[in-house]
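We count residues from 1, following the sequence as given. As the structure is a computational prediction, the values presented were derived from the model and not from experiment. One-based numbering, in listed order, for ligands and for the atoms of each.
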Amino acid sequence: MLISCMSVSVEEPLDPATDLHSYANVSSVRMTHVDLDLDVDFDARQLRGACTLDVEGEEGDLVLDTRELTIDRVEVSADGESYREVPFELGAEHAYLGTPLRVERGAASKVRIQYSTAADASGLQWLEPRQTAGREEPFLYSQSQAIHARSWIPLQDTPGARVTYSARVRVPPQLLAVMSAEAASANPASGEYAFNMPLAIPSYLIALAVGDLAFVPTGERTGVYAEPSVVEAAAREFEDTEAMIQTSESLYGPYRWGRYDILVLPPAFPYGGMENPRLTFVSPTTIAGDKSLVSIIAHELAHSWSGNLATNGTWRDFWLNEGFTVYIEERIQEAVYGMERAAMDSSLEIQAFKYELQRLDPRDQVLHVDLAGRDPGEGLTGVPYVKGAMFLRTIEREVGRDAFDDFLRGYFDEFAFRSVTTGQFADYLDAHLLSRHPEAQRAIPVRQWLEEPGLPDHRHEHVSSALEVADVAAAEWFAGSIPAGSLDTAGWTTQHWIRFVRAIPEDAGGERLAELDQAFNLTAATNAEILCEWLVVAIRSGYAAADAALERFLTNVGRRKFLRPLYAELAKTEEGRAKALAIYAEARPGYHPTTVQIFDESLGWAQGGSGE
Ligand code: BES
Ligand code: ZN
């Protein structure tokens, strides 16, 4: 159906894993290895070179995913030595799926594509020196998940197919190149780097970054890459990574990827973190100075099992990646930082999720979400994350922790280096766990959890009584019984402050916020999570003293988790909307291409005639 916009017809596979978000004809031909040979050209904002795919399967055409790629020529080979040029055809361009590339492959086992990327490729962000900490050198990074690998590599861009990969990249000699792979060779003087990923991964985990990077080890198999001025602080912040790996290994079996390094990106990065294998990418907003936001490392590390080993079959099974990961993240937090900290993080997350859920279209409240006609990256909500983890915690509670740990370990072994669909998971759950625990089977409405909106009544949620003091403090201050300066905030953690700011009543007003600001300096908060919560309250209350901080934050930081509530709060009034558009005009050139796409639409930017 999706392929019908091409002049050729490709038979649609009928298995339940059919990926609505790929044109690739994986049911007849599969890629097994991707080899990249690329020049990184910062002036042209272009990757240029060759991608050679090893393929196997039936004789016939190969259909690949591409997005805004310029294809110069396609060659095929049977032996990997002599290549001959073959005809190819680009189909019609789809708004978010891109353009299918059909290659007359015949029976060849190697397909080499000479190509270059577009300057605004959706999977790449080219940063100006002023967007970096050092302000002297440019920076490039990729973000392939969900369906953006195709904008910088022509391949079968579906999580249902796996590849090993190798790469040679040439970069300006003063810069360092890193990838989600082993470093095979490095020649800093010439700027030539080679990489190898010998384990089969889905295409969305292929990643590249180039910048003025330094490296500081934090353990035998862990370390941090970041710009030189950031790297020491980052290494201190993330020093518990090895302990996290050991916890996860003791629960779910060996860490199979060799090294686990962390790359700290410039603040434009649209996510908190991205689980690229061997090299997690993180936003610098995760560095608070007190390790209070390192749950993100626990999260990205957990994906080394849930996601990178056992991978969502299609994007509608995304909750299998994220729900499991949030569950494991919490288990890591419990072991490394204690039950209380894990419960605080989890209950803050559930608090935010319940607020979000009330405003979500019922069809987006479903774990096994229907994504027909939709871009999988756009409607990212808390549902796959928080509802998914809640489902797993509920099962854990019913069958007991030991039984659930055994089950999960078996699940990761069973599906290691494979894709899993929601249906396969449900079958596996029944066969290996619930059928052995009849009471749990009766108590847990699995189908309702997976296929229906909302939250089943029978569920297990963490509530942290430790955070209640923050609610009480906010109420007492607001009622006037205790002035801000006399609140007992000694020993409060970041989590308490987040809870406190969330508890400030909607109608507090600017003057009352000034009292709080005087006592606690919230407008000057350096913790991005606290600052974002505070700025939302400040907008809502018309607290103008925070305007400069708001503008600074929105123009420096590109993390969508923060941009979304701030722009949404601004857009609630006419005056606020004007302010949002003025800030957006300034910030827009620095945002990631996919972020620009989302906010152009939600802020009505293009309609104003100023877009594109
Ligand atoms: N894999 C996701 C990020 C992602 C999801 C990118 C879908 C593109 C499409 C990553 O593991 C993630 O979940 N990041 C979260 C942080 C996490 C601690 C909840 C984020 O960036 O907010
Ligand atoms: Zn995740």
Side-chain angles (χ1 to χ4, degrees), residues 21 96 122-125 141-151 157 159 180 201-207 238 244 260 262-265 267-277 279-288 292-312 314-330 332-333 342 345-346 348-350 352-353 356 369 371 374-389 528-529 532 557-565 592-595 597-598:
H21 297 105
Y96 56 84
S122 62
L124 300 174
Q125 188 174 16
Y141 70 90
S142 68
Q143 169 57 46
S144 297
Q145 198 181 12
I147 54 170
H148 301 287
R150 66 191 67 177
S151 76
D157 198 10
S180 55
I201 57 169
S203 56
Y204 76 87
L205 294 176
I206 303 179
F238 303 141
M244 292 181 176
Y260 181 85
I262 296 167
L263 169 66
V264 181
L265 291 159
F269 186 53
Y271 299 105
M274 176 65 213
E275 67 271 27
N276 298 129
L279 185 64
T280 279
F281 285 19
V282 293
S283 164
T285 59
T286 60
I287 303 172
S292 59
L293 307 178
V294 297
S295 61
I296 244 165
I297 302 301
H299 179 97
E300 305 312 335
L301 171 67
H303 275 305
S304 305
W305 287 263
S306 46
N308 300 4
L309 264 194
T311 305
N312 51 205
T314 73
W315 296 112
R316 68 177 307 198
D317 308 304
F318 181 61
W319 79 273
L320 290 173
N321 277 16
E322 299 300 343
F324 278 61
T325 294
V326 169
Y327 172 82
I328 297 173
E329 165 194 341
E330 193 179 309
I332 295 173
Q333 293 265 105
D345 276 342
S346 163
L348 285 173
E349 184 176 62
I350 291 172
F353 172 63
E356 182 189 19
V369 63
L371 291 177
R374 294 203 289 170
D375 180 343
E378 229 178 73
L380 274 188
T381 73
V383 172
Y385 291 83
V386 186
K387 182 178 175 181
E529 297 280 351
C532 180
V557 175
R559 187 171 165 192
R560 294 216 285 263
K561 176 187 177 186
F562 298 142
L563 303 188
R564 220 179 283 118
H592 188 276
T594 58
T595 304
Q597 197 195 316
I598 289 170

Go through the side-chain N and O atoms of [X] and [Y] and say whether any donor and acceptor fall under 3.5 Å apart.
X	Y	answer
T285	R559	yes
N276	Y141	no
H299	E275	no
S122	T594	no

With a cut-off of 2.8 Å, does E300 put an N/O/S atom close enough to the Zn ion (ligand 2)?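 Checking E300: none of its N, O or S atoms is under 2.8 Å.
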Residue list, side-chain contact (heavy atoms from CB on, under 4.5 Å) with S295, at least two apart or on another chain: E329, Q333, D345
Please name all residues satisfying side-chain contact (heavy atoms from CB on, under 4.5 Å) with L380, sequence neighbours left out, ordered by chain then number.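 Partners of L380 under the side-chain contact (heavy atoms from CB on, under 4.5 Å) test: Y271, F318.
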Just to verify, what does R560 make a salt bridge (Lys or Arg N to Asp or Glu O under 4.0 Å) with, not counting sequence neighbours?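 Expected list: none.
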Give the atom name of whichever N/O/S atom in H303 sits closest to the Zn ion (ligand 2).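 Of the nitrogen, oxygen and sulfur atoms in H303, the Zn ion (ligand 2) lies nearest to NE2.
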E322, N/O/S atom nearest the Zn ion (ligand 2): OE1
May I have a table of the N/O to N/O pairs between ligand 1 and the protein that fall below 3.5 Å, each row giving the two atom names and the distance to 0.1 Å?
unit_1, atom_1, unit_2, atom_2, d
ligand 1, 1 (N), Q145, OE1, 2.7
ligand 1, 1 (N), E275, OE1, 2.6
ligand 1, 1 (N), E275, OE2, 3.2
ligand 1, 1 (N), E322, OE2, 3.1
ligand 1, 11 (O), E275, OE1, 3.0
ligand 1, 11 (O), H299, NE2, 3.2
ligand 1, 11 (O), E300, OE1, 2.7
ligand 1, 11 (O), E300, OE2, 3.2
ligand 1, 11 (O), H303, NE2, 2.9
ligand 1, 13 (O), H299, NE2, 3.1
ligand 1, 13 (O), E322, OE1, 3.2
ligand 1, 13 (O), Y385, OH, 2.7
ligand 1, 14 (N), G273, O, 3.3
ligand 1, 14 (N), E300, OE2, 3.4
ligand 1, 21 (O), G272, N, 2.6
ligand 1, 21 (O), G273, N, 3.4

